[in-house]
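Structure first, commentary second.
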Amino acid sequence: MIDRYTHAVENGGSAIYFTMSTWNPYNAMLMAATLERAPDAADSRGAPSLIQSSFGAQHQNFELVVAGGDGGLAHLARNGDVWPPLWGNPQLAGSESGKTDAAALVLDAVSVIQSSLPGRENRLEVVALAGPRVVSYWREPKPPWTWHGPYPVIACDDGGEVRRTLDRVAGNPVLVQSRYGAQACNFELMVPDATSGVRHYYRDDDLADPEWRSAPTFAGSLGRIDSLTMIESTFGVPGNLEVIARVGDRLWFLYRDQDLDWQGPFPLVADGREVVGADGVPSLIQGTYGAQRRNFELAVPLRAGGLGLYWRDNDPPDPVDWTWHGPIVVDSAGRYGAVSLIQSTYGGTPGNLEVIARRQEELVHLWRDSASKAWSGPFPDPLGVTAAASLLDADRRTRALAEV
């Protein structure tokens, strides 16, 4: 039980202080912890990726992955079994198994999912940008939570005879698990090509040894894509792939229909005005808001400052009438470079919107209340709080973060 907390400003930075006594499920030790804001926010870089997983007794833990500031892949979990939910168990992928070179590879943008593939259920699967190449990691779904990787992503061409390393990439990779394939578990991967358009790959998970394969490149008319975000929606059978790509300060919408044909690009228009002034890495989800419980939600860093929140009303029966609205601007004084958006199970039905975003040189957490639609935050960087100097030394440095 947390009896008291205070929120203060110290040395120009935000800090939340509280004292607690709780059983820490990550390190299996009884501890008393005092939260203090880390002065050094250089523990991560690039675009983060956030999901709500099925881990924990309540099946509502958050999993955050981000490129480590000095190299390697950093992972942080938020325990949803206690209140307030606590960030803990900072880990540099590979360090838990004694790898001395866990930080050797410098990464940038990352994307994480939790797999439901039979025989590989509940693995955390990650793709990350390493220079012009894409590499992958995966984490075992049980203690000691061993990470594997990095592995180069190698894909077969359309004919299946030539295998090539996934390189010549110039932007953030995006990974989803789709409902394609006989087991409805294929992975879909999108990356901006270094020259033009978006390259699409899928992992054929029906094979005993799943294999990446190339799919047609699209959006070549847009030239070089700066960043993108992608989902599989509930529209079409088994589901359309829906993409928003940023080129300069403009956003473009594309989708692949159930005939596997790409439609678009269409300029993103909200409330009758073309969206301009976008920046950084956006994040798109299909939430359960709206009468039909299928609206799209989009978070975008803005060049003028702050995060822009847009939503598409998918209630009308005719897709022609599906209309984007926004933006609602949050934290207009902040300079944001990347955002990762989810809809969580917190806040009752339908659920809070939750954001981890890169604000200046740190990561921050923001959330929107399910009932009031009011935004709270930004709150301090969970990595800065829990893993201040060395993720490799995490067991000695475990701290706790409360979401207030």
Side-chain angles (χ1 to χ4, degrees), residues 47-54 58-66 76 78 80 83-85 87 111-114 174 176 229-234 242 244 251 253 268 270-271 275 278-302 305-315 322-332 334 336-359 363-382 401-404:
S49 185
L50 175 70
I51 62 171
Q52 185 171 28
S53 72
S54 62
Q58 302 297 319
H59 307 294
Q60 58 184 10
N61 284 6
F62 285 3
E63 314 289 339
L64 170 64
V65 296
V66 65
L76 190 67
R78 196 182 80 171
W83 187 260
W87 289 100
S111 184
V112 62
I113 62 172
Q114 182 179 10
V174 183
V176 302
T229 179
M230 180 258 295
I231 62 170
E232 182 188 31
S233 74
T234 57
E242 317 259 0
I244 289 181
L251 298 177
F253 174 66
L268 195 72
D271 293 325
V275 174
D279 203 4
V281 178
S283 186
L284 173 70
I285 64 170
Q286 183 173 29
T288 56
Y289 283 88
Q292 300 296 321
R293 299 174 60 82
R294 62 187 190 185
N295 284 358
F296 288 179
E297 311 285 343
L298 174 66
V300 184
L302 300 178
L307 288 176
L309 286 307
Y310 298 85
W311 61 280
R312 196 180 80 175
D313 180 0
N314 290 334
D315 280 344
W322 295 343
T323 305
W324 284 97
H325 301 278
I328 295 172
V329 179
V330 179
D331 187 26
S332 60
Y336 287 86
V339 59
S340 184
L341 169 70
I342 65 170
Q343 182 179 341
S344 75
T345 57
Y346 290 96
T349 303
N352 295 344
L353 297 184
E354 312 262 0
V355 164
I356 292 287
R358 180 163 298 285
R359 184 184 191 269
L363 297 180
V364 294
H365 177 209
L366 307 94
W367 60 279
R368 191 188 76 175
D369 183 77
S370 178
S372 69
K373 307 297 190 296
W375 281 91
S376 298
F379 296 114
D381 172 5
L401 173 65
E403 177 184 355
V404 288

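These values consider heavy atoms only, across backbone and side chains, with no hydrogens, waters or symmetry-generated copies.
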Report summary line: On a heavy-atom basis, the closest approach of Pro282 and Thr229 is O-CB, 3.6 Å
Query - Shortest non-hydrogen contact between Ser53 and Glu63, atoms and distance - result: OG-OE2, 2.8 Å
Report task. Tell me, with the steps shown, if Ser344 and Gln60 meet side chain to side chain contact (heavy atoms under 4.5 Å, CB included). Result -> CA-CA 8 Å; Ser344 75; Gln60 58 184 10; over 6 Å; no
Query raised in the report: Could you go step by step and tell me if Ile113 and Ile51 meet the side chain to side chain contact (heavy atoms under 4.5 Å, CB included) rule?
Result: CA-CA 7 Å; Ile113 62 172; Ile51 62 171; 5.6 Å; no
Report task. Return the set of residues passing side-chain contact (heavy atoms from CB on, under 4.5 Å) with Thr323 (not counting sequence neighbours), or none when no residue passes. Result -> His325
Query raised in the report: Distance from Ser283 atom OG to Ile244 atom CD1, nearest 0.5 Å?
Result: 9.5 Å
Report task. State which residue, out of Val300, Leu251, Leu298, Val174, fulfils the side chain to side chain contact (heavy atoms under 4.5 Å, CB included) condition with Leu284. Result -> Leu298
Query raised in the report: Is there a side-chain contact between Trp367 and Leu353 (heavy atoms, below 4.5 Å)?
Result: no
Report summary line: Nearest heavy-atom contact between His365 and Arg78 is CE1-NH1, 3.6 Å
**Report entry** With Ser332 via side-chain contact (heavy atoms from CB on, under 4.5 Å) - residues at least two apart
**Finding:** Val329
Query raised in the report: Is there a side-chain contact between Tyr336 and Asp279 (heavy atoms, below 4.5 Å)?
Result: no
Query raised in the report: So, does Ser49 use its side chain to make a donor-acceptor pair with the main chain of Val112 at under 3.5 Å?
Result: yes
Query raised in the report: Does the side chain of Ile285 come within less than 4.5 Å of Gln343's, by heavy atoms?
Result: yes
Query raised in the report: With a 4.5 Å limit on heavy-atom distance, are the side chains of Leu307 and Trp375 in contact?
Result: no
**Report entry** Close side-chain approach of Gln52 to Thr345, heavy-atom, < 4.5 Å
**Finding:** yes
Query raised in the report: Please walk me through it: do Arg359 and Val339 pass side chain to side chain contact (heavy atoms under 4.5 Å, CB included)?
Result: CA-CA 9 Å; Arg359 184 184 191 269; Val339 59; over 6 Å; no
Query raised in the report: Does a side-chain heavy-atom distance below 4.5 Å link Asp369 with Asn352?
Result: yes
Requested in this report: Examine distances only and state if a side-chain atom of Asn61 and a backbone atom of Gly80 form a donor-acceptor pair shorter than 3.5 Å.
Outcome: yes
Query raised in the report: Any donor and acceptor pair, going by atom type alone, linking the side chain of Glu232 with main-chain N or O of Val176 inside 3.5 Å?
Result: no
Query raised in the report: Rounded to the nearest 0.5 Å, how far does OG of Ser233 lie from CD of Glu242?
Result: 3.5 Å
Query raised in the report: Should the pair Arg368 and Tyr289 be classed as cation-pi, given the thresholds of under 6.0 Å to the six-membered ring centre and 45° from the axis?
Result: yes
Query raised in the report: Is there side-chain contact between Pro85 and Tyr346, with at least one heavy-atom pair below 4.5 Å?
Result: yes
Query raised in the report: Do the side chain of Asp331 and the main chain of Gly306 share a donor and acceptor less than 3.5 angstrom apart?
Result: no
Query raised in the report: Which heavy atom of Asp313 sits nearest a heavy atom of Asp315, and at what distance?
Result: OD1-N, 3.0 Å
Query raised in the report: Which atom names give the shortest non-hydrogen contact between Ser370 and Gly347, and what distance separates them?
Result: CB-O, 3.3 Å
**Report entry** For Glu297 against Leu341, the heavy-atom pair lying closest together
**Finding:** O-CD2, 3.7 Å
Query - Leu64 and Phe62, any side-chain heavy atoms less than 4.5 Å apart - result: no
Query raised in the report: Would a distance-only check, ignoring hydrogens and angles, find a side-chain to backbone donor-acceptor pair under 3.5 Å from Gln292 to Asn314?
Result: no
Requested in this report: Please test Ile231 against Phe296 for side chain to side chain contact (heavy atoms under 4.5 Å, CB included), starting from the C-alpha separation and ending with a verdict.
Outcome: CA-CA 10 Å; Ile231 62 170; Phe296 288 179; 4.0 Å; yes
